[in-house]
Every structure is written in structure tokens, then in C-alpha cells.
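The structure under discussion appears below in the form of C-alpha cells.
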Amino acid sequence: MSCAAQELPAPRVVDLKAADGTTLKATYFAAAKPGPGVLLLHQCNQQRKNWDELAARLAGTGINVLTLDYRGYGESGGTPYKDLPQDEFAKIVAEKWPGDVDTAFSYLASQPGVTRGIVGAGGASCGVNQSIQLARRHPEVKSLVLLSGNTDRDGRRLLRKSEKLPMMLSAADDDGAAVEVMHWLYEFVTERGEQIRALHLGSHGTEMFAAHQELPGTIVDWYVQTLVKTPGALRRSAGVGKDTGAGNSGRDRFGGRCEYSRTETL
């Protein structure tokens, strides 16, 4: 059997204008054919380029991806976050970032190759709350991937009441209390196709990709299942995210549907 591979368009760096005129840098990874979209939001000690490899893999499966530098990060405008007093930085996160993320979301959703009304979001660390808040504001968000982060009361309220929002959560045991936090978030959700992965080593957010090379593939499988095959849902028989290394799947100390990896040799 032969199959002619479709060549992917080259990633496109774009300038987005925030509501106050600040220039936000983003990269658009277009798929070769129409399909859903995913917005990826980085952690607070990184930038959008940390998502490049995952974004390219998603585009190869037919999912269009936009990665964004928050204001003050990477190539975006605004005062560099390292130069901001803590209280001013917190104010910008609370008051400016949601609008910036909405600007990025609007750009992604407006692209001609993105299927209307079927979008996913993914966040690492502080990007977790931004992803959940995006889903709270936009019902078009049908699937979440959340790495090593927390959310506020409004975010927890969304997790508790949303019955058709599949989520994949992951954190590493060597990342402080991150696993416990993700477990806590897991307890807010109902039975609708969630998956939680606790990794023995791997540090924080997208840094886990280097220690667990299977994790990006698991994320790709998750989005394909919840955005392409069964948008907004996860079939229990799908077996998304089976771990290829040492570990146990099924019900463990998290008390729910999970994939639990213990790779001691990293």
C-alpha cells in the first residue's frame, strides 16, 4: 500500500496586537488539510519555542497549532517579566494576559484551515490556569492538556461543572508538590474521560519532555482522540496515552482513570 504524504506549510511567525496595542509574537503551525486548532501556552520561566516540536507533530496529524509568547516574554512586547516588581507582574497576569490569550485564540479560530468550534488548549505551569480560563470564556475549547500547574476558584468551578471537557493532566514527582496539586484538580472533575499521568522524574512543565520522550506522543494521541476522532469526548476503550516504559495503568493512588509511570532509570 502506498500513501502520498502531504507537505506541511512552514511555521509562520505572526504579530498580534493586544487590546492596548502591545505586539504579541506567535507562531502558527498549519496542518496540510482543514482540522481543529490547539493553542499552547508556555510556563512562566520559558517561551513559546518550547512547544515547537510538539506543535509540529500535531500539525502532522491534521491539527493546526498556535503558540504564543506572553507579553514580557520571548519576542513579545512589554516590559520583560524579570524587570517587574512582583505585585506589578501579578497585576499584568490577572488583568492583561486573559485579553492577550483571547487575542491569540481569535487569531487561531479565524484561520481558514481551522474547523469552526473545535479547539483545544494546552498549558504548562502558569499556562494551566490560562488554559482553563480560556475554556471558561470560550465553549469552543473541547479538550485540555495541563502540565504542572494550578488554577483559581473560577477555574475549579469550571472543572466541577463541565461535563464534556476531556482533560489530560501530568506532573513529575521531583517537582515539589506538583503531583499533589494535579491530583487535587483531578478531584474536581467528573467521569468524562480524564487522564492523569504522574511521572517519577522530569522537573517542571515542558521540561518533562526531555526526561519522558513518550509524553509528547501521548499528548498528540490525546488531542487526536478528543479533537479529531471524538471531539469533546474520550471513548473509554480508546486506550489513549498508554505508557511505553515501566509503569502501571488503571486505578492507582489517584483513584481514577490514569496512566501512572515510574521510570527509575532516567
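Since we're looking at a predicted model, the values are computed, not measured.
Note that CG of D154 and CG of L158 are 9.5 Å apart. Values are rounded to the nearest 0.5 Å. Atom NE2 in H42 sits 8.5 Å away from atom CG in N50 (nearest 0.5 Å). Here the CG atom belonging to L165 is positioned 9.0 Å from the NZ atom belonging to K142, to the nearest 0.5 angstrom. Rounded to the nearest 0.5 Å, atoms OG1 (T27) and CH2 (W51) are 13.5 Å apart. Atom-to-atom distance recorded for L58:CG and E53:CD is 11.0 Å, nearest 0.5 angstrom. Going from atom CD of Q130 over to atom CD of Q133 covers 7.0 Å, rounded to the nearest 0.5 Å.
D175 places no side-chain N or O within donor-acceptor distance of the main-chain N or O of A178, the cut-off being under 3.5 Å. Between the side chain of T22 and the backbone N or O of G78 there is no donor-acceptor pair closer than 3.5 Å. For the pair T23 (side chain) and G77 (backbone), a donor-acceptor distance under 3.5 Å is absent. Distance alone, capped at 3.5 Å, is enough to place a donor-acceptor pair between the S110 side chain and the S106 backbone. Although no hydrogens or angles enter the test, the distance criterion places no donor-acceptor pair under 3.5 Å between the side chain of Y28 and the main chain of Q111. Between the side chain of N64 and the backbone N or O of P36, at least one donor-acceptor pair lies under 3.5 Å.
Nearest heavy-atom pair, S131 versus L146, reported as atom, atom and distance to 0.1 Å: CB-CD2, 4.1 Å. Across every non-hydrogen atom of A18 and D100, the tightest pair is CB-OD1, 3.3 Å. Minimum interatomic distance between T226 and P166 (heavy atoms only, all atoms of both residues): CG2-CB, 3.8 Å. Counting all heavy atoms, side chain and backbone alike, G217 lies closest to R57 at CA-NH2, 3.4 Å. Contact record, A104 with L39: CB-CD1, 4.0 Å, taken as the closest heavy-atom pair. A pairwise comparison of heavy atoms in F29 and A56 identifies CD2-N, 4.0 Å as the closest pair.
Note on V179 and V181: separate hydrophobic clusters, where clusters join Ile, Leu, Val, Met, Phe, Trp and Tyr whose side-chain heavy atoms are under 4.5 Å apart, directly or indirectly.
Residues K17 and T103 bring no donor and acceptor atom of their side chains to less than 3.5 Å of each other. Between S148 and Q43, the side chains place no donor N or O within less than 3.5 Å of an acceptor N or O (distance only, hydrogens not considered). Counting only N and O atoms by type, the side chains of H204 and N45 include no donor and acceptor under 3.5 Å apart. Between the side chains of N129 and T151, a donor-acceptor pair is found at a separation under 3.5 Å.
Contact annotation: the side chain of D15 approaches that of K25 to within less than 4.5 Å [non-hydrogen atoms, C-beta and beyond]. When side chains are defined from C-beta on, R137 counts as touching D102, because their heavy atoms get closer than 4.5 Å. Here the side chains of S76 and Y70 are not in contact, with every heavy-atom distance at 4.5 Å or above. Contact check for M168 versus Y223: no side-chain heavy atoms found under the 4.5 Å cut-off. Contact of the M182 side chain with the S170 side chain is not registered, since no non-hydrogen atoms from C-beta on lie closer than 4.5 Å. Between R136 and R157 there is no side-chain heavy-atom pair separated by less than 4.5 Å. Counting only heavy atoms from C-beta outward, the side chains of L68 and L24 approach each other to under 4.5 Å. In this structure, F209 and L147 have side chains that are in contact, with non-hydrogen atoms separated by less than 4.5 Å.
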Test log, rule side chain to side chain contact (heavy atoms under 4.5 Å, CB included), inputs C44 and Y81: CA-CA 9 Å; C44 281; Y81 76 98; 5.9 Å; no
Derivation of the side chain to side chain contact (heavy atoms under 4.5 Å, CB included) call for E207 and Q46: CA-CA 10 Å; E207 295 164 0; Q46 300 291 345; 3.3 Å; yes
Derivation of the side chain to side chain contact (heavy atoms under 4.5 Å, CB included) call for V220 and L54: CA-CA 8 Å; V220 170; L54 176 64; 3.7 Å; yes
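Here D20 pairs with R71 in a salt bridge; the nearest charged N to carboxylate O distance falls below 4.0 Å. Taking 4.0 Å as the cut-off between side-chain N and carboxylate O, D52 and K49 do not count as a salt-bridged pair. Salt bridge present: E75 and R48 bring a charged side-chain N and a carboxylate O closer than 4.0 Å.
Ring geometry for Y73 versus W97: interplanar angle over 60°, hence perpendicular rather than tilted (30 to 60°).
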